[in-house]
S.K.: 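Please find one structure pasted underneath; my questions will follow.
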Amino acid sequence: MSEILEKVYDPGRIEEKWYRFWEKHGLFTARADGSRPPYCIVIPPPNITGSLHMGHALNNTLQDILIRWKRMQGCDALWMPGTDHAGIATQNVVERMLAQEGADRHQVGREAFIDRVWRWKEESGGMIISQLKRLGCSCDWSRERFTMDEGLSRAVREVFVRLHEEGLIYQGDYIINWCPRCQTALADLEVEHEPKDGHLYHIKYPLEGREGGVVVATTRPETLLGDTAVAVNPDDPRYQGLHGATLRLPILGRKIPLITDPHVSLEFGTGALKVTPAHDFNDFEIARRHHLPAVQALDERGRMTEAAGKYEGLDRFACREKILKDLKSDGLLVKVETYSHAVGHCYRCRTVVEPLISKQWFVAVKSLAEPALDAVRQGRIRLIPEAWEKSFFDWMLNIRDWCISRQIWWGHRIPAWTCEACGRVTVAREDPAACPRCGDRRLVQETDVLDTWFSSALWPFSTLGWPDDTPELRLFYPTNVLVTAFDILFFWVARMMMMGLHCVGEVPFREVYIHALVRDAEGQKMSKSKGNIVDPLELMDAYGTDAFRFSLAAFAAMGRDIRLSEERVVGYRNFVNKVWNASRFTLMNLADFEPDRPDALPLSEVERWLMSRLQEVSGAVGAHLEAYQFDQAAHVLYQFIWHEFCDWYLEFSKPALAPGVDEVRRHHSQRVLADLLGAILRLLHPFMPFITEEIWHKLPGAAGSIMTAPYPVGDPALMDPAAEAEMGLVMEAVTAIRNLKAEMNVPAAAAVEVAVLSDSAQALAMLERHAGAVRLLARVQTLSWNPDGGPPAASAKAVLAAPGGGSVELLMPLAGLIDFREEERRLNREMDKLSREMAQAQKKLANEDFLAKAPAEVVAREQERLATFTEKLGKLKQHQKRLRALLG
RNA sequence: GGGCGGAUAGCUCAGUUGGGAGAGCAUCGGCCUUACAAGCCGGGGGUCACAGGUUCGAAUCCUGUUCCGCCUACCA
């Protein structure tokens, strides 16, 4: 026998070959000519600093499944790829490189630094792209974009200027989150709050001109150096006589007022709140209400300023210790409690962020949020699963202005120029040569750059060519679906909605499929610091990309975290190997197949059964993909291919495929087998692109790439309930006989006789038609049909329900094979089980309310069940009686 | 503080309108049956977290409790 395929599938060789083939033949490239229905997904652009992690692998596998599926359905499928310049993260990477050389960016200078970043990007920034290719992603690389490339930068500038003209972008001094390490402002979202065990310090502020004082409670004693008031609730009885009093700030002795503000809680701490407008968000608001001055006690590096007096130059945490010591010696530290509270950290570098007052650029998002809210409310954008809508609404309704300026160099520089002569700020699409107000040519451009998410927010239309009116934009916008994890729902998805609606006037995507987060096998979020990262590339190396992708799809149940278990990947690797071997079997049997030779035979019963199942499975896979139920789609395919096609169909087909017996029948079976395998490969292709392409090219009659072959859809005309019923009975009979043998400890290979008894002529006819298959698969030597005089009493018996009513009894004579007592024990077990189920059904049917109120079909089904149980049990009882008589 | 999600077989998890508890792995027993030992055949295993309620009927809907996870928030 000629070895067409290796015995075990070896993915390594094949994957690279086919990816090159696809790229070479331009199979990923969208036509964008309107000749086919468009289907478009924009990739969530990975950071250029990143390398492929599990989140990427899942996210992109799901997108590729959708894109390959739609492409096979005949759509002009565009998967728009690209990367994100990741301002802070990328700058950090290059700064670290400089630090190793003993330099910093200020020594190098802005221009040279940016050159350096570009150089780094060219050398190392493409890693994730090659990793996506390794994963099999069928992105249209001919259209790959980068947030800092020329076209996208133009889109960024256009949007900035437009929003500024509309008064939706403004500049001003406000309190913002500041990262003292990255040296830049952060948006609220970029601050991650972590619970931290700290202390609540009770500090006494002495009253000016009278005895006593007011005790405040704070977690950050060092900020008292910037206090400009103490506030109490106006209704707090403890402080009624003190409103308007003057207090002396500890250590510095500065005089500050005691004010009242309803914001202050009566319950918390002492009811007295120290007000530090320059270093606390609430205090900033209070100060605005009361026109209090702000004293900046901390600088941009987190060190104390000269306003801190003798503490000037100290680091904020060192200062805290020093101040506590000084307060103690002054007798002003009244009490220290342990206290757990949330502390904000920079999402890029984990440094504790510092609220600071600073001049920054902001987007007024309220008016942008409203249309996005409406789009979701009206269903023009659908969030899937829907449960996310609530979070989305909550966030959008409480949205605060978005701080978009960053004090870094790598990014889109804000297109604003200040005139050195008259101070006028000009915001323009083109770099201005002179001040439009006074004509002076001494213009200084804003040094800040924009938040990376500002350019990401434009991604669905900037990548399609906006602000130009391109064919791509016309054809593919709005895109069909955005596939993402929930952790960037606010960061990115919401902002794309706002920008898309505002700039293009239409939603950026019609659906948002929000998938789970990948965690490790213990359910922990993967992170470098925990050391629990599972590298997707290692899994691909070990088990093959197809197995890995199929695993991810199978894991992707909606609305739940995924725990990555390597054992399951092994399981799906085995499935891939099963597909390989079923193909190997098929191809071995097709070695002499002539695809063009006519085949006059109609489909056999077995073939009609599997064809029927194939239609149902095809329909189900399509419906599941349509609903983003990737796990269900994978599961349906797995069950069908392994447990119906391989376990049963291939076994059934063996006799007809035997060479030299009936060549006409053999040729017919070959043709059907080739068709079936072709359909299975096509169904699997979006999940397992590599192995399916490899086998497709060896399959007689298959032409071109499987990528362009039509995806099977269920054809109702090929559904065949009669064939399904018939084969159902046959398979049940085979299983029942195998079961009798196994339970009776009869060797599987033993030549046994089986007598079939039935009151159903139809059932008998069905089994007789497939007698050969039953004998082969159940390993029975002879079958007898309703034998005269009945079968011997000394038998093991199984009872099946016949499809049209009645029953089928299978009797296997035990004489000389086993101990009858074993059969008695087995019978008891079986009868116990049946009795339990029967009692359940009887109880239901005895309930008059059930008969009266349950739908007729439910009642009928229950009656049918009861009848079946009763019949089976009766037959088994009778058998038991005869057996007992025999045993004495 | 507010919100969301989860608790189903030893493990990891499905279970879409309420109507016969499932899969994979693990486990036990038997098989080199000429595609596959990464395999084949067969078996065992669950008070669906707990307590109430609605219903003829609840893993599924409602209320409450416990435990776990996440998001979000201006009580310092």
Side-chain angles (χ1 to χ4, degrees), chain A residues 1 4-5 7-9 193 200 216-220 223 231 263-276 280-286 339 341-342 387-388 390-391 394-395 398 486-487 489-490 517 519 521 523-525 543 547 554-555 557-565 567-568 570-589 623-624 627 629 631-632 635 638-639 646-647 650-651 654 735 738-743 745-749 776-779 837 840-841 844 847-855 857-859 861-862 865:
Chain A
M1 195 175 294
I4 299 180
L5 300 181
K7 211 166 175 179
V8 171
Y9 175 56
H193 294 274
L200 192 59
V216 302
T218 181
T219 54
R220 303 193 54 195
T223 62
H263 162 80
V264 182
S265 160
L266 292 143
E267 283 81 37
F268 190 89
T270 60
L273 168 71
K274 60 192 269 317
V275 181
T276 321
D280 183 281
F281 283 87
N282 296 317
D283 296 1
F284 181 79
E285 295 300 326
I286 292 174
Y339 182 63
H341 63 130
W388 287 106
K390 195 169 161 48
S391 301
D394 284 350
W395 189 74
N398 297 310
F486 59 80
D487 53 346
L489 186 60
F490 307 137
L517 238 44
R519 299 172 184 281
Q524 298 288 310
K525 203 166 172 173
Y543 305 110
F555 288 148
M558 256 194 240
R560 214 203 246 250
D561 291 341
I562 293 172
R563 294 189 187 205
L564 188 93
S565 107
E567 283 176 3
R568 282 187 69 181
V570 170
Y572 291 117
R573 185 273 315 262
N574 295 350
F575 177 54
V576 171
N577 195 48
K578 189 75 181 174
V579 170
W580 180 256
N581 275 292
S583 304
R584 180 167 179 262
F585 170 83
T586 302
L587 296 177
M588 283 165 76
N589 279 287
H624 287 136
Q629 292 165 337
D631 60 321
Q632 311 263 19
H635 185 246
Y638 182 97
Q639 289 297 325
C646 291
D647 286 353
L650 291 184
E651 296 304 327
K654 280 177 180 173
T735 303
R738 285 171 174 168
N739 185 347
L740 285 181
K741 283 173 131 181
E743 298 267 299
N745 298 319
V746 174
L776 183 71
L777 299 187
R779 306 251 226 146
E837 285 184 294
Q840 237 177 29
K844 267 191 182 177
N847 184 342
E848 289 192 18
D849 282 330
F850 175 72
L851 296 174
K853 293 179 183 171
E857 59 184 58
V858 173
V859 176
R861 193 159 60 228
E862 209 58 38
R865 287 185 67 208

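Residue numbering restarts at 1 for every chain, and letters A, B, ... go by the order of the sequence lines.
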S.K.: Over how many whole Å does the gap from A:Phe490 atom CZ to B:C4 atom P extend?
M.R.: 13 Å
S.K.: How far, in whole Å, is B:C4 from B:U63 if one measures between their P atoms?
M.R.: 11 Å
S.K.: Might you list the N or O atoms of the protein lying below 3.5 Å from N or O atoms in nucleotides 42-48 of chain B, with each pair's distance?
M.R.:
unit_1	atom_1	unit_2	atom_2	d
B:G43	OP1	A:Asn739	ND2	3.3

S.K.: For A:Glu651, give me all partners under salt bridge (charged side-chain N to carboxylate O under 4.0 Å, His left out), at least two apart in sequence or on another chain.
M.R.: A:Lys654
S.K.: The criterion is side-chain contact (heavy atoms from CB on, under 4.5 Å); which residues satisfy it with A:Phe268, sequence neighbours excluded?
M.R.: A:Leu200, A:Ser265, A:Tyr339
S.K.: Considering only atom P, compute the distance from B:A35 to B:C41 and round it to an integer number of Å.
M.R.: 14 Å
S.K.: Could you pull out all residues at least two apart from A:Arg738 that satisfy salt bridge (charged side-chain N to carboxylate O under 4.0 Å, His left out)?
M.R.: none
S.K.: Could you give the distance separating B:G45 and B:C36 at their P atoms, to the nearest angstrom?
M.R.: 34 Å
S.K.: Tell me, please, which residues at least two apart from A:Phe284 pass ring pair (Phe, Tyr, Trp, His ring centres under 6.0 Å).
M.R.: none
S.K.: Please identify each residue that fulfils side-chain contact (heavy atoms from CB on, under 4.5 Å) with A:His193, with sequence neighbours left out.
M.R.: A:Val191, A:Ala342
S.K.: Can you see if the side chain of A:Asn745 gets near the phosphate of B:G29 - specifically, an N or O under 4.0 Å from OP1 or OP2?
M.R.: no
S.K.: Considering every strand and a 4.0 Å limit on heavy-atom distances, what is the contact class for A:Ser391: base, sugar-phosphate, or nothing?
M.R.: nothing
S.K.: Rounded to the nearest angstrom, tell me the gap between atom NZ in A:Lys7 and atom P in B:A38.
M.R.: 10 Å
S.K.: Give the rounded distance in Å between these two atoms: CZ of A:Arg861 and P of B:G18.
M.R.: 14 Å
S.K.: Specify the closest pair of heavy atoms between A:Asp283 and A:Thr276, including all atoms of both residues, with the distance to one decimal.
M.R.: OD2-N, 2.7 Å
S.K.: Nearest heavy-atom pair of A:Leu851 and A:Val859: which atoms, and what distance?
M.R.: CD2-CG1, 3.7 Å
S.K.: Can you tell me, in whole Å, how much space there is between the C1' of B:U66 and that of B:C28?
M.R.: 36 Å
S.K.: In this structure, how many angstroms lie between the P atom of B:G19 and the CD atom of A:Glu837, rounded?
M.R.: 17 Å
S.K.: Given the C1' atoms of B:A73 and B:G2, what is the spacing between them in whole Å?
M.R.: 7 Å
S.K.: Output all residues satisfying salt bridge (charged side-chain N to carboxylate O under 4.0 Å, His left out) with A:Glu837, sequence neighbours left out; order by chain, then residue number.
M.R.: none
S.K.: Provide, to the nearest angstrom, the distance between the CE atom belonging to A:Met588 and the P atom belonging to B:A35.
M.R.: 6 Å
S.K.: According to a 3.5 Å limit on both distances, what stems of 3 or more consecutive Watson-Crick or G-U pairs are formed with RNA chain B?
M.R.: B:1-7 with B:66-72, B:10-13 with B:22-25, B:27-31 with B:39-43, B:49-53 with B:61-65
S.K.: Once you round it to whole Å, what is the distance between C1' of B:U33 and CG of A:Leu650?
M.R.: 14 Å
S.K.: Can you give one letter per nucleotide of nucleotides 53-61 of chain B, 5' to 3': B if a protein heavy atom sits under 4.0 Å from the base, S if only from the sugar-phosphate, - if neither?
M.R.: ---B-----
S.K.: Can you list everything that forms a ring pair (Phe, Tyr, Trp, His ring centres under 6.0 Å) with A:Tyr572? Sequence neighbours excluded, please.
M.R.: A:Phe550, A:Tyr638
S.K.: Which is more 5' along RNA chain B, the nucleotide nearest A:His263 or the one nearest A:Ala387? Just name the residue.
M.R.: A:Ala387
S.K.: A:Phe268 has an atom CZ; how far is it from atom C1' of B:G1, in whole Å?
M.R.: 13 Å
S.K.: State whether A:Lys654 places a side-chain N or O below 4.0 Å from either non-bridging phosphate oxygen (OP1 or OP2) of B:A35.
M.R.: yes
S.K.: Which residues pass the side-chain contact (heavy atoms from CB on, under 4.5 Å) test with A:Ser391, not counting sequence neighbours?
M.R.: A:Trp388, A:Phe490
S.K.: Taking OP1 and OP2 of B:C36, is either one under 4.0 Å from a side-chain nitrogen or oxygen of A:Tyr9?
M.R.: no
S.K.: Taking only side-chain nitrogens and oxygens of A:Lys741, does any of them come within less than 4.0 Å of OP1 or OP2 of B:C31?
M.R.: no
S.K.: Using OP1 and OP2 only, check whether a side-chain N or O of A:Lys578 sits under 4.0 Å from B:C36.
M.R.: no
S.K.: Using the P atom in both, what is the distance from B:U47 to B:G10, to the nearest Å?
M.R.: 8 Å
S.K.: Assign A:Tyr339 to base, sugar-phosphate, or nothing according to its heavy-atom contacts below 4.0 angstrom with the strands shown.
M.R.: sugar-phosphate
S.K.: In terms of side-chain heavy atoms of A:Val8, which of B:A76, B:A38, B:G15 is nearest?
M.R.: B:A38
S.K.: Between the base of B:G24 and the side chain of A:Arg568, is there a donor and acceptor pair under 3.5 angstrom?
M.R.: no
S.K.: Provide, to the nearest angstrom, the distance between the CZ atom belonging to A:Phe486 and the P atom belonging to B:C70.
M.R.: 10 Å
S.K.: What contact category does A:Asn398 fall into here, base, sugar-phosphate, or nothing, at under 4.0 angstrom with non-hydrogen atoms?
M.R.: nothing
S.K.: For A:His624, what residues pass the side-chain contact (heavy atoms from CB on, under 4.5 Å) criterion, not counting sequence neighbours?
M.R.: A:Ala620, A:Gln629, A:Gln632, A:Ala633, A:Val636
S.K.: Decide yes or no, distance alone: a donor-acceptor N/O pair under 3.5 angstrom between the base of B:A35 and the side-chain of A:Glu651.
M.R.: yes
